[in-house]
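Have a look at the structure below, then the notes.
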Amino acid sequence: MIQSLLTAAALTFAVMLPAPAQPLAATPPMGWNSWNHFEAKIDDKTVREIADAMVSTGMRDAGYIYLNIDDTWEAGRDAQGNILSNSKFPDMKALADYVHGKGLKLGIYSSPGPKTCADYEGSYKHEEQDARTYAAWGVDYLKYDWCSADKVYPHTDMPKIYKQMADALKATGRPIVFSLCQYGIDKVWEWGAASGGNLWRTTGDISDNWKSLETIGFQQNGLEKHAGPGHWNDPDMLEVGNGGMSPTEYRTHLTLWSMLAAPLLAGNDLRNMSPETLGILTNRDVIAIDQDALGKQGYRVAQDGANEVWAKPLQGGEWAIGLFNRGPEAGKVTVHWKDIGLSGKHRVRDLWAHQDRGNQNDQFWYEVPSHGVVLLRVK
Ligand code: GLA
């Protein structure tokens, strides 16, 4: 009797305990950002249409949740110093409500400097006030872009300045993902998490061509030890579907970013995308590599000229293996299990062909197109 009463009391207590809190950005943030396609041509109407498209295309259900407004939404300040949105965004709170009504989250953008990169109003000397305004609007994500902060702070102040905004966001009580954007200066990966960053850009801006994608993507090797649940390296947003690369190259883009456990922020016009673009962005097997709960960033395990093999440890002892061909001709890319620390036979599945490839012995190869990839999941 006493035993069962005690058990009941223990159960009641257990039920009353709050669930262990998931850190913000427990897996790399997924969503969409206005900059790559729209730059300054973004407004309330377009954001609402993108929100609609995120739902109707299935992007939201594939995991793309954050709808992030980048630079050019800002006006000046009112007499009390509150930041105002400009005429393109007549009512941020109403827009946030609309976005939330679609089961999405809203992101916004600012700078620690007096001006943003596109010369709009920044948060300099208004950090706490701006954080409170964002929270009152219902903002869920802030990208904080260094730019003109160079005019008022030395680089050595960066950790402190980013921490100031992280603390201001925390003080609002609203969970707001904090994205550091300072292009990788001073090895941000070594201090970004301590400054409260959930992600930090590791490079300059991406553009919609193979050279840019290749340079940025493959140079992430070596940064893997700095990424993990709640704090990610950010090699910049996706260009998939923006028209400057081939479908093969865009598949490599999504694959490499997933191997890197990078944030997946689509940057194309979701209102008008081809079935092929949508198919690339919503390949759930590939997204599952990016979003794997272990939260490990992949790394290069072998290189032979233009051919590279990358590996990413997954939960449950599984692996993702990327066979990349950076060269101008199709060619064979060979995998040796020993390079990954494996031996014997392992079952593999091709995540772009959606086909099981059976058991592979300790050495095997695939034909990979120029600028292409074969992505395998190894059991
Ligand atoms: C910088 C950032 C970009 C974008 C623009 C906006 O260049 O790196 O991602 O936010 O500013 O002005």
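For ligands, and for the atoms within them, numbers begin at 1 and follow the listed sequence.
- At least one side-chain heavy atom of D61 sits less than 4.5 Å from a side-chain heavy atom of R284.
- For the side-chain hydrogen bond (donor to acceptor under 3.5 Å, both in side chains) test with W352, the passing option among T255, N283, T248 is T255; the others fail.
- Within the 6.0 Å centre-distance limit, the rings of W337 and F364 are counted as a close aromatic pair.
- Evaluation of the salt bridge (Lys or Arg N to Asp or Glu O under 4.0 Å) test over residues 269-281, restricted to residues two or more places apart or in two chains, returns E49-R271, D269-R271.
- Using cut-offs of 30° and 60° on the angle between ring planes, the pair Y144 and Y162 is perpendicular.
- For ligand 1, the atoms lying closer than 4.0 Å to a non-hydrogen atom of K143 are 3 (C), 4 (C), 9 (O), 10 (O).
- Using 4.0 Å as the threshold, D70 has a heavy atom nearer than that to some atom of ligand 1.
- By the criterion of a heavy-atom distance under 4.0 Å, neither the backbone nor the side chain of C147 is placed next to ligand 1.
- Of the candidates D205, D234, N33, it is D205 that places a heavy atom closest to atom 3 (C) of ligand 1.
- Ring geometry, H371 versus W210: the interplanar angle falls under 30°, so the pair is classed parallel (tilted spans 30 to 60°).
- Taking any N or O of Y183, backbone or side chain, none lies under 3.5 Å from an N or O belonging to ligand 1.
- Atoms of ligand 1 lying under 4.0 Å from any heavy atom of A118, numbered from 1 in the order shown and given with element: 12 (O).
- Closest to atom 2 (C) of ligand 1 among all protein heavy atoms lies D145 OD2, 3.1 Å.
- Neither the backbone nor the side chain of E39 has any atom closer than 4.0 Å to an atom of ligand 1 (non-hydrogen atoms only).
- Between W137 and Y134, the two ring planes are tilted [angle within 30° to 60°].
- Per-residue contacts place D71 under 4.0 angstrom from the following atoms of ligand 1 (heavy atoms of the residue considered): 6 (C), 12 (O).
- For ligand 1, the polar-atom distance check finds no N/O of W35 at less than 3.5 Å from any of the ligand's N/O atoms.
- Under 3.5 Å, the side chains of D150 and H155 contain a donor-acceptor pair of N or O atoms.
- When heavy-atom distances to ligand 1 are checked against a 4.0 Å cut-off, T72 has no atom that comes that close, whether in backbone or side chain.
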